[in-house]
Protein chains: 2
Amino acid sequence: MTEFTKAEEKIFDAAKEEFIERGFDGARMQSIADRAGISKAALHYYYRSKDKLFKKVVNFIFNMVFQNIKQKIEEEQPFEAKVRSIIEMYMNILFQHQAVVFFLFSELMKYPRILDEMIPKQEKMLTLSKAYEIEVNKGTIRRIDSRHLILNVVSMCIYPILGKPLIIRILGFTNEEYKVFLQERKDQVFEFVMKSLRP
Amino acid sequence: MTEFTKAEEKIFDAAKEEFIERGFDGARMQSIADRAGISKAALHYYYRSKDKLFKKVVNFIFNMVFQNIKQKIEEEQPFEAKVRSIIEMYMNILFQHQAVVFFLFSELMKYPRILDEMIPKQEKMLTLSKAYEIEVNKGTIRRIDSRHLILNVVSMCIYPILGKPLIIRILGFTNEEYKVFLQERKDQVFEFVMKSLRP
DNA sequence: GTCTATAAATTGATAGAC
DNA sequence: GTCTATCAATTTATAGAC
């Protein structure tokens with residue numbers, strides 16, 4: 001997207017860290033400057049205001065998380081394999097980038113308007129493609145509102161990450177135990193979905 | 001829990017509004033005082049610090065959202081009726097208190113430690129009670145890890161609220177359309193779950 | 001380009017009169 | 001109990017030297 005000089009990149013990384021840890025309101029320009037090893041003045045020289053820096057960071061992180069996912073959903077595959085790979089990859093990415101996901105949702109709940117500059121009118125995500133229709137016509141799976149089906153799958157993948165602070169306390173998990181739980185959960189979700197789709 | 005004088009209540013309501021709209025870091029004591037129609041000094045007279053006021057607000061909101069839910073889950077009922085009523089009530093409460101839910105999760109992602117003072121060691125929520133065992137023994141439904149089952153149901157109810165800003169943009173919904181979509185979703189989720197539980 | 005110094009505004013919290 | 005006035009600390013942002 002954007003070309004970076006070395007200095008810019010160092011600053012950008014510093015900003016990412018700070019915003020992810022503290023959110024927009026909690027982040028401090030001084031702290032970003034410190035992380036980047038430069039002065040506050042130099043920071044303002046590169047990115048004129050906190051606001052502009054923040055928007056660039058959100059944009060970058062948003063694409064990082066959702067680009068692969070979108071790609072995978074649109075990819076042509078047999079239905080069952082597609083469901084499995086979406087769950088697999090979705091949960092992997094979300095787990096790998098927990099802090100980032102927290103940050104994104106947390107800030108987007110506060111300032112949903114940020115999204116308006118970021119969602120490029122993509123209606124593709126709700127069509128389950130031909131693979132789904134083929135199976136329905138074969139009678140292998142039942143027909144179902146595809147918007148709800150997708151939302152079901154996505155929900156079961158992402159909420160365990162978003163709700164982690166709550167869930168581990170209620171279920172009495174340690175972080176390590178929860179990691180294992182989420183691993184076995186991939187199969188659980190896949191099975192749950194496919195069983196529900198039986199005609 | 002706590003007894004309120006009229007003044008305290010007015011302040012508390014003002015604080016709720018402000019914190020819900022702006023989060024802890026974004027909230028301003030001056031703004032809370034303004035909403036309550038008193039001076040900043042008077043505000044500090046009642047609640048000695050921003051921190052203490054915030055914790056009381058979080059505690060109150062947390063109980064408001066999760067008390068009914070916990071109660072409903074523990075209530076004795078035939079299995080199918082129980083699943084239906086949990087979905088129904090969970091989605092109703094979450095939808096009714098959208099702003100509050102956003103606030104709660106948003107802040108809990110940032111400061112998960114707050115929860116430690118709030119979760120009273122409740123392991124009850126993961127047992128599906130006798131109703132479930134009865135159906136399994138009758139052969140009416142298949143056996144499944146109850147933790148995953150509950151997490152599946154909860155996820156499908158709560159993520160559509162948490163992810164609303166994202167979802168309505170991706171699916172191209174207006175707020176009003178999304179409300180309808182969530183209404184019909186209650187049945188969709190119920191059906192999805194029960195179909196999956198067929199032996 | 002990068003720094004020091006400082007401006008200008010804001011913030012949470014307190015002192016003290018009434 | 002409630003107010004005005006003010007403190008002390010912080011914050012974003014800029015001016016100006018090098």
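All values reported here derive from a predicted model rather than from experimental measurement. Letters A, B, ... are given to chains in the order of the sequence lines, protein chains preceding strands, and every chain is numbered from 1.
You can see that DNA chain D meets the heavy atoms of chain A within a 4.0 Å-exclusive cut from D:dT11 to D:dA15, reading 5' to 3'.
The bend of the helix from C:dG1-D:dC18 to C:dC18-D:dG1, defined by the angle between the axes of its first five and last five pairs, stands at 10° to the nearest 10°.
Take A:K195 and apply the salt bridge (charged side-chain N to carboxylate O under 4.0 Å, His left out) test, not counting sequence neighbours, and it matches A:E191.
A distance-only check finds no donor-acceptor pair linking the side chain of B:K10 to the backbone of B:I38 [under 3.5 Å].
Near DNA chain D, defined here as any heavy-atom distance below 4.0 Å, there are no residues from residues 14-25 of chain B. Annotation: proximity of residues 40-53 of chain B to DNA chain C (heavy atom, distance under 4.0 Å) is found for B:K40, B:A41, B:H44, B:S49, B:K50, numbered in ascending order.
Note on A:A36: nothing from the nucleic acid sits closer than 4.0 angstrom, heavy atoms only.
Residue B:R28 places at least one side-chain N or O closer than 4.0 Å to OP1 or OP2 of C:dG12.
Pairs passing the salt bridge (Lys or Arg N to Asp or Glu O under 4.0 Å) check and including a residue from residues 95-112 of chain B, sequence neighbours excluded, read B:D25-B:K110.
Judged by the 6.0 Å and 45° rule, A:K50 forms a cation-pi pair with A:F24.
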If you apply the rule salt bridge (charged side-chain N to carboxylate O under 4.0 Å, His left out), what do you find for B:R169 with A:D116, and how did you get there?
CA-CA 8 Å; B:R169 281 169 180 82; A:D116 294 332; 2.7 Å; yes
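Looking only at atom types and distance, the side chain of B:T140 has no donor-acceptor partner in the side chain of B:R198 under 3.5 Å away.
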